[in-house]
Amino acid sequence: MKWKRTHTCGELKSKNVDETAVLMGWVDRRRDHGGLIFIDLRDRYGVTQIRVDPSSSAYEESKKLRAEYVVAYKGIVERRPNDMINSGLPTGEIELSAKEIEVLNVSKTPPFQITGTQNPSEDLRLKYRYLDLRNPAIQRKMLMRNQIYKVVRDYFCEQRFAEIETPYLMKSTPEGARDYLVPSRVWQGRFYALPQSPQTYKQLLMISGFDRYFQIVRCFRDEDLRADRQPEFTQIDVEMSFIDEEDLFAVVEGLMKVLFKQILDINIETPFERISYNDAMKKYGTDRPDLRYGLIIHDISKVVDNSDFKVFKNTVQSGGVVAGLCLSGGAKYSRKQIDDLIAYAKDRGAGGLVPIKIKEKDWESNLSKFFSQEARQQIMAEFQAANGDLLLIVADEKDRTLAVLGELRTYLGRHENLIDSRDYRIAWVVDFPLFEYSADEQRYMARHHPFTSPKPEHVKWLFSHPEQVNARAYDLVLNGIEIAGGSIRISTSELQSQVFRALGIDKREAEDKFGFLLEALSYGAPPHGGIAFGFDRLVMLFTRSASIRDVIAFPKTARAVSLMDSAPTPVRPKQLEELGIIVKSKIEPLDDQVEMESS
RNA sequence: GGGGUCGUAGUGCAGUUGGUUAGCACACCGGCCUGUCAAGCCGGAGGUCGCGGGUUCAAGUCCCGUCGGCCCCGCCA
């Protein structure tokens with residue numbers, strides 16, 4: 001490089017007129033008029049127009065420039081003629097009149113245009129991710145992510161939290177997601193696991209007395225992916241000692257307040273509202289309700305259990321639930337629209353969906369005859385239904401009814417434009433059950449994780465009525481998205497052993513898998529609890545991204561492949577041999593490794 | 001593991017009931033052009049229609065399989 005860069009491409013304004021400046025960046029566009037040449041020079045900070053006159057010594061070289069060449073221009077900042085000002089560009093009042101040029105590097109014609117109106121397919125963008133990341137829209141997201149790191153670290157630092165790193169190579173544990181395994185060379189046949197979260201470590205740090213810990217940390221889960229799930233993702237991991245739920249809520253609410261203020265300049269109200277798990281399920285059919293709109297589920301089992309409509313009556317009498325939604329103005333729905341809703345509900349496992357239009361203060365439905373005038377009015381009253389509304393009723397086993405209505409609610413919320421996209425509604429969901437019965441495994445499983453403390457007053461039911469035991473667990477839900485979850489932990493080895501036993505983990509297995517934690521709990525563990533945020537999801541929200549891949553610099557595809565470097569790849573036989581690993585499935589040998597024998 | 005959807009020049013798309021030489025725009029190459037900012041004008045080159053098989057006189061188009069991207073269910077303490 002002949003010169004030092006003096007300014008960035010987003011920096012020069014009319015106040016810099018007449019200054020000499022050196023800009024360095026990528027050729028975004030070249031407009032060659034035969035005489036005059038205009039170059040849009042792009043860097044992380046913006047775009048500045050370079051004007052190259054035929055008389056300039058930079059002229060001949062500038063003629064040869066192509067998209068994505070890397071160049072340095074030395075020139076004079078000039079105010080543009082009044083009618084040439086580009087109000088769409090922050091630097092649009094000026095241009096750099098080029099005096100000299102140095103071409104720092106050339107570029108092949110890129111596989112897609114970095115900026116412009118075309119939307120190249122995502123697989124191509126991922127293959128050339130380093131080019132895609134030149135796009136200012138993507139850079140904005142990565143840079144906002146960077147800002148969020150800083151706000152989080154500053155906040156916890158001010159609150160006397162210590163950031164402490166925990167191992168990435170750890171012991172594989174049962175329960176939870178599938179582990180990513182790392183084979184040991186020194187101990188052939190043994191494996192480390194990459195952490196699904198630093199859960200046990202942060203509890204051990206509490207036992208060590210660190211009191212207030214946080215970490216922005218990578219976590220790994222080998223499960224199938226979604227638009228908001230990557231095999232490796234980032235958590236804000238938090239743990240505190242000598243606290244109860246209220247202390248933790250206050251810390252988290254403070255963090256959210258600061259984040260919204262500093263990142264989006266939005267003032268949010270604290271404390272956040274709280275909703276019990278049971279209420280959330282009853283009213284919204286999900287444990288992460290979107291509170292930006294109503295459309296609440298109403299249970300009408302009690303009204304319909306002695307109606308003449310057998311489907312409803314039988315459902316209630318066999319212990320099921322009849323419930324529904326009232327879609328305001330939905331009576332205008334066409335036959336086809338309603339059929340689509342019915343199909344949607346059936347798709348999600350409902351036996352059916354009963355639509356009832358409300359007109360002239362009564363039902364317009366061929367089911368009317370099965371219900372007394374009184375019952376019809378009672379049901380309308382329950383829904384507070386008005387003329388022009390549409391009732392959508394599901395009758396099924398309780399969990400299924402609520403789940404289907406919950407999904408239907410989300411669907412209608414989106415399609416009926418019930419959501420103000422500028423609105424942010426945050427709530428704590430509390431009073432979760434501690435266990436969840438797994439029909440698959442024929443046993444109770446920890447709903448959160450096995451270190452979650454039961455409510456003290458429920459401990460007596462651990463073995464007699466495990467389904468009644470509530471946990472000291474909480475989720476933070478923002479606009480229908482779970483952004484954080486945590487709990488007050490078990491802090492005595494006695495209670496921890498009991499919970500393991502309730503989970504069907506016998507003493508030897510508990511000793512084998514979690515012995516280190518049980519022992520640690522017996523050396524004076526303080527009461528403690530914490531929470532973990534899905535950091536990528538936060539960034540998605542703040543950047544309004546539809547996919548988690550948009551906020552991760554080098555993400556993987558839905559099938560966990562990195563299209564840029566094509567990981568995962570086979571490895572050389574020598575590497576496998578060192579690790580004592582024989583690969584069973586047939587895979588393409590790597591390069592010249594013909595000697596590899598696959599069975 | 002299951003369901004849906006997409007796959008056609010470098011890129012984004014069109015391609016009719018199966019029928020002549022597979023089109024358009026941007027990018028690319030050459031030429032012209034001194035105020036553009038998605039610069040403009042003229043010309044040119046560029047295709048294994050994801051891959052494999054089948055039906056047919058004839059397949060980008062119909063059928064089967066397969067690979068890949070995306071979305072969803074299962075899964076994700």
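Just so you know, these numbers come straight off a predicted model, no measurement behind them. We name chains A, B, ... by the order of the sequence lines, and we start the count at 1 in each one.
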(message) Say we look at B:rC75 and B:rA59: how far apart would their P atoms be, to the nearest angstrom?
(response) 46 Å
(request) Indicate, yes or no, whether a donor-acceptor pair under 3.5 Å links the base of B:rU36 to the side chain of A:Arg80. (result) yes
(request) Rounded to whole angstrom, note down the C1' distance from B:rU16 over to B:rC76. (result) 47 Å
(message) For B:rG46, give the paired nucleotide (Watson-Crick: N1-N3 plus N6-O4 or O6-N4; G-U: N1-O2 and O6-N3; both under 3.5 Å), or none.
(response) none
(request) Anything under 30° is parallel, anything over 60° is perpendicular, the rest tilted; go ahead and classify A:Tyr130 against A:Tyr128. (result) perpendicular
(message) Within the 4.0 Å heavy-atom criterion, would you say A:Arg51 contacts the bases, only the backbone, or no part of the nucleic acid?
(response) base
(request) Indicate, with a heavy-atom threshold strictly under 4.0 Å, whether A:Thr173 touches base, sugar-phosphate, or nothing. (result) nothing
(message) Under 4.0 Å, counting only non-hydrogen atoms across every strand here, what does A:Asn86 touch: a base, just sugar-phosphate, or nothing?
(response) base
(request) Please measure how far the P atom in B:rA38 lies from the corresponding atom in B:rG1, and state the result in whole Å. (result) 48 Å
(message) Can you identify which nucleotide, out of B:rA39, B:rG12, B:rC28, has its nearest atom closest to the A:Arg31 side chain?
(response) B:rA39
(request) Kindly confirm whether the side-chain ring of A:Phe112 is stacked on the base of B:rU11, judged by centres under 5.5 Å and planes under 30°. (result) no
(request) Report which part of the nucleic acid A:Met84 touches: base, sugar-phosphate, or nothing (heavy-atom distance under 4.0 Å, all strands). (result) base
(request) Is it possible for you to check whether A:Arg178 lies under 6.0 Å from the centre of the six-membered ring of A:Tyr180, through NZ or CZ, and within 45° of that ring's axis? (result) no
(request) Among the candidates B:rC70, B:rC28, B:rG35, find the nucleotide nearest to the side-chain atoms of A:Pro81. (result) B:rG35
(message) By the 4.0 Å heavy-atom rule, please label A:Arg30 as base, sugar-phosphate, or nothing.
(response) nothing
(request) Report which part of the nucleic acid A:Arg66 touches: base, sugar-phosphate, or nothing (heavy-atom distance under 4.0 Å, all strands). (result) sugar-phosphate
(message) Any side-chain to backbone donor/acceptor pair from A:Tyr59 onto A:Gly35? Under 3.5 Å, distance only.
(response) yes
(message) Distance check needed: B:rC26 C1' versus A:Gln113 CD, whole Å only.
(response) 5 Å
(message) Taking the P atom in each of B:rC49 and B:rG74, what is the distance between them to the nearest angstrom?
(response) 40 Å
(request) Answer with base, sugar-phosphate or nothing: what part of the nucleic acid does A:Asp32 contact at a heavy-atom distance below 4.0 Å? (result) base
(request) Would you indicate what A:Thr117 reaches in the nucleic acid, counting non-hydrogen atoms under 4.0 angstrom: base, sugar-phosphate, or nothing? (result) base
(message) Does the structure show a Watson-Crick or G-U wobble partner for B:rU11, both distances under 3.5 Å? Name it, or say none.
(response) B:rA25
(request) Report which part of the nucleic acid A:Gln199 touches: base, sugar-phosphate, or nothing (heavy-atom distance under 4.0 Å, all strands). (result) base
(request) Indicate whether any N or O donor in one side chain lies under 3.5 Å from an N or O acceptor in the other, for A:Asp179 and A:Ser172. (result) yes
(request) Classify the nucleic acid contact of A:Glu95 as base, sugar-phosphate or nothing, counting any heavy atom under 4.0 Å across all strands shown. (result) base
(request) Write down the distance separating the P atoms in B:rG52 and B:rG43, rounded off to the nearest Å. (result) 37 Å
(message) Distance check needed: B:rC73 P versus A:Tyr344 OH, whole Å only.
(response) 9 Å
(message) How many whole angstroms separate atom CD of A:Gln118 from atom P of B:rA9?
(response) 13 Å
(request) Check side-chain contact (heavy atoms from CB on, under 4.5 Å) between A:Val70 and all other residues, then give those that pass, not counting sequence neighbours. (result) A:Trp26, A:Leu104, A:Asn105
(request) Give none if B:rA59 has no partner; otherwise give the nucleotide forming a Watson-Crick or G-U wobble pair with it, both distances under 3.5 Å. (result) none
(message) Suppose you measure atom C1' in B:rG18 against the same atom in B:rG30; what distance do you get, rounded to whole Å?
(response) 40 Å
(message) Pairing donors with acceptors under 3.5 angstrom, does anything connect the side chains of A:Asp237 and A:Tyr213?
(response) yes
(request) Provide the distance between the two C1' atoms, one in B:rG54 and one in B:rG47, to the nearest whole Å. (result) 24 Å
(message) Students often get this wrong, so: under 4.0 angstrom with heavy atoms, is A:Pro120 touching a base, only sugar-phosphate, or nothing?
(response) sugar-phosphate
(request) With a 4.0 Å heavy-atom cut-off, tell me which residues in residues 222-230 of chain A come close to RNA chain B, sorted by residue number. (result) A:Glu223, A:Asp224, A:Arg226, A:Ala227, A:Arg229
(message) So if I apply the side chain to side chain donor-acceptor pair (under 3.5 Å) rule between A:Arg51 and each of A:Ser56, A:Ser62, A:Ser97, which one comes out positive?
(response) A:Ser97
(message) Quick check: A:Phe233 with A:Phe220 (ring centres under 6.0 Å apart)?
(response) no
Side-chain donor-acceptor contacts of residues 81-94 of chain A below 3.5 Å, not counting sequence neighbours, with atom names and distances?
| unit_1 | atom_1 | unit_2 | atom_2 | d |
| --- | --- | --- | --- | --- |
| A:Asn86 | OD1 | A:Gly88 | N | 2.9 |
| A:Thr91 | OG1 | A:Val47 | O | 2.6 |
| A:Glu93 | OE1 | A:Ser14 | OG | 3.0 |

(message) Does the structure show a Watson-Crick or G-U wobble partner for B:rU36, both distances under 3.5 Å? Name it, or say none.
(response) none
(message) Under 5.5 Å centre to centre and under 30° between planes: does that hold for A:His33 and the six-membered base ring of B:rG35?
(response) no
